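Owing to the predicted nature of the structure, the values given are computational and were not obtained by experimental measurement. Proteins get letters first, then strands, A, B, ... in listed order; numbering begins at 1 in each.
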Amino acid sequence: MIIALIAMSVYSTFIGAAKAKTFFNSPLMMVFWIVSFLCCIISFSFIAKTTKSTSISMIFIASILIFAGWFWASKTGHHTQRLIFKNNKYQSGIMLLYQDQVDNVYALNNYDKFTKLPFHVKLEQLTIDYYESEPNSLPMTKEFFADIHIIKDKKIAHSKTIEANKPLHYGGYYFIQSDSGQKQDIPYIILNITSDSGIGLTFGGYIFLCIGLFWQLWFKVLIKAGHRR
Amino acid sequence: MEIKYSIQGILIYLTMTAYLMALFARLIRNKSFTYFSFTLGFIIAAISLGYRCWHTAHVPFQNLFEVFLVMGWAIYLISIFCRKTLKIKQTTADILLGIIVLFPAGFVFSDHPQQLQPILQSPFFAPHVAAYILAYIFMFKAAIAAVNGLFSKNPRDLSLDTYHLICAGFPLLTLGFVLGSIWAHYAWADFWGWDPKEMWALTTWLTYIAFFNFRFITKNRHPHINSFWAISGLLAIIITLLWANLSSIFSSLHSYAT
């Protein structure tokens with residue numbers, strides 16, 4: 001399983017991010033993920049019985065949480081959510097928003113399909129600061145700020161200034177600025193809209209994984225090895 | 001290849017000279033001069049890093065020049081940690097590694113200071129890169145022990161050194177990986193982007209997972225195959241660090257790291 005995953009990871013580096021995402025989310029790969037997930041659970045029950053080690057159990061629980069989180073955050077996971085919860089939540093999309101424009105429609109799959117958010121988004125103001133540039137060279141962006149309002153029932157339900165590494169999180173979605181510019185003197189931004197499904201599970205898994213690995217490899221194996229030598 | 005005539009360049013060449021002196025002293029078996037020169041090199045490397053921080057006004061993790069500069073400094077600390085705590089003595093290899101990692105900083109990559117892009121102004125930036133740098137040095141050392149093990153009459157002892165060095169580096173490698181994923185979530189609203197650099201990092205991580213699994217399943221009966229996994233891990237690191245950043249084959253979101 002691990003060797004197959006290594007081979008597929010190496011293959012995916014040569015085909016680019018977009019094709020790799022499609023490849024790893026394909027129905028055939030879903031079968032692979034489910035089998036891997038089951039292997040993880042079987043290994044966990046076997047190793048937990050034989051070693052009775054809390055740190056190793058934490059590592060296996062982490063693997064299960066990360067698998068579950070990745071699935072829930074995937075396209076198939078969102079399809080499953082739409083079937084079970086009858087909601088209209090998609091994995092990710094983009095929205096073009098001009099200054100003072102209010103909208104709730106965003107594009108999926110490179111503008112193949114459009115869908116609506118359960119609330120409206122307004123771009124209040126866009127500010128970009130640049131580093132001092134040398135003559136004859138384009139200035140480099142230092143910081144950018146996009147003041148965004150979330151409008152629900154014709155009232156401002158939430159406001160936030162989006163900047164680098166500080167997305168807006170509202171109503172189960174994250175909003176980040178992926179591009180910006182000006183058209184006929186009107187500033188605009190392209191918002192990247194991503195669902196927050198599966199994030200909690202994945203990040204919970206990450207915490208378990210780090211604690212489990214440091215505990216097992218640093219505080220058990222290495223300290224014992226240092227004493228023995 | 002270019003020779004740097006800047007203060008930064010001179011400090012790098014002085015560090016390399018001190019490390020070369022340590023290597024020479026090691027070869028003629030002068031223990032005290034070896035450690036004196038190695039320590040002197042470390043002090044000059046620390047001054048060089050301090051100068052870089054002051055000159056660029058940010059932590060020196062932005063590009064490959066700075067990453068190699070930090071590696072040339074951190075190798076000394078890891079060498080001491082391995083010698084004192086893990087009782088793994090690889091002083092000659094450590095000094096040589098110090099010279100090897102400083103070579104690209106001294107002669108290949110530009111030391112022209114760059115401004116920090118908005119995405120790099122994140123609290124995850126420094127710990128993410130620092131965890132990876134430390135992990136990479138441990139894995140480099142593990143691969144050296146693995147190569148020695150391939151040609152040794154008693155490969156089991158060196159296989160144990162390889163295992164302990166990977167045990168030291170792997171949690172840091174995982175921490176770097178996890179911090180990168182969390183940072184990507186805040187920067188790009190996507191904790192996994194299937195980007196070539198990310199996929200090479202995953203390949204590296206999985207190679208060491210394969211090492212642990214193989215060692216556990218075979219109960220360390222095949223130290224040569226364990227060595228193969230450790231060396232494969234290093235190859236994956238080199239590709240992640242260099243090829244994925246510098247080659248035009250891989251169009252990556254991580255292009256700022258060059």
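If you measure heavy-atom distances from A:Leu209 to chain B, the contacts under 4.5 Å come from the side chain alone. For B:Tyr163, the part lying near chain A is the side chain, with the backbone staying farther off; criterion is any non-hydrogen pair under 4.5 Å. Contact of A:Ala73 with chain B is made through the side chain alone, with heavy-atom distances under 4.5 Å. Contacts of A:Ile3 with chain B are made by side-chain atoms alone, with heavy-atom separations under 4.5 Å and no backbone atom involved. Within the 4.5 angstrom heavy-atom criterion, atoms from both the backbone and the side chain of B:Leu175 approach chain A. Contact of A:Lys19 with chain B is not made at all, since no heavy-atom distance falls under 4.5 Å. In this structure, the portion of A:Phe203 lying under 4.5 Å from any heavy atom of chain B is its side chain and not its backbone.
Here the straight-line distance linking atom CG of B:Asn148 with atom CD1 of B:Ile144 works out to 8.0 Å at 0.5 Å rounding. The distance from the CD atom of B:Glu2 to the OG atom of B:Ser110 is 6.0 Å, given to the nearest 0.5 Å. Atom-to-atom distance recorded for B:Leu241:CG and B:Leu64:CG is 5.5 Å, nearest 0.5 angstrom.
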*Just do the side chain to side chain donor-acceptor pair (under 3.5 Å) check on B:Asp111 and B:Ser6 with the steps written out, would you?*
CA-CA 9 Å; B:Asp111 65 344; B:Ser6 57; 2.7 Å; yes
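Among B:Asp190, B:Ile182, B:Ile209, the residue making the largest number of heavy-atom pairs under 4.5 Å with chain A is B:Ile182. When each of A:Phe175, A:Phe214, A:Tyr174, A:Phe23 is scored by its heavy-atom pairs under 4.5 Å with chain B, the top score falls to A:Phe214. Among the candidates B:Phe216, B:Phe177, B:Phe170, the residue making the largest number of heavy-atom pairs closer than 4.5 Å to chain A is B:Phe170. Of the listed residues (A:Ile6, A:Thr194, A:Asn165, A:Ile2), the one with the most heavy-atom contacts under 4.5 Å to chain B is A:Asn165. Across B:Ala210, B:Ala168, B:Ser181, the residue that shares the most heavy-atom pairs under 4.5 angstrom with chain A is B:Ala168. Options A:Leu213, A:Ile66, A:Asn192 differ in how many heavy-atom pairs under 4.5 Å they form with chain B, and the most are formed by A:Leu213.
Annotation: side chain of B:Trp192 is not in contact with side chain of A:Thr202 (no heavy-atom distance under 4.5 Å). A heavy-atom distance below 4.5 Å is not found between the side chains of B:Trp229 and B:Arg215.
Counting all heavy atoms, side chain and backbone alike, B:Gly233 lies closest to B:Thr204 at O-CG2, 4.1 Å.
Annotation: cation-pi geometry satisfied between A:Lys89 and A:Tyr173 (NZ/CZ under 6.0 angstrom from ring centroid, within 45° of ring axis).
Using a distance-only test at 3.5 Å, with no hydrogens or angles considered, a donor-acceptor pair links the side chain of A:Ser9 to the main chain of A:Leu5.
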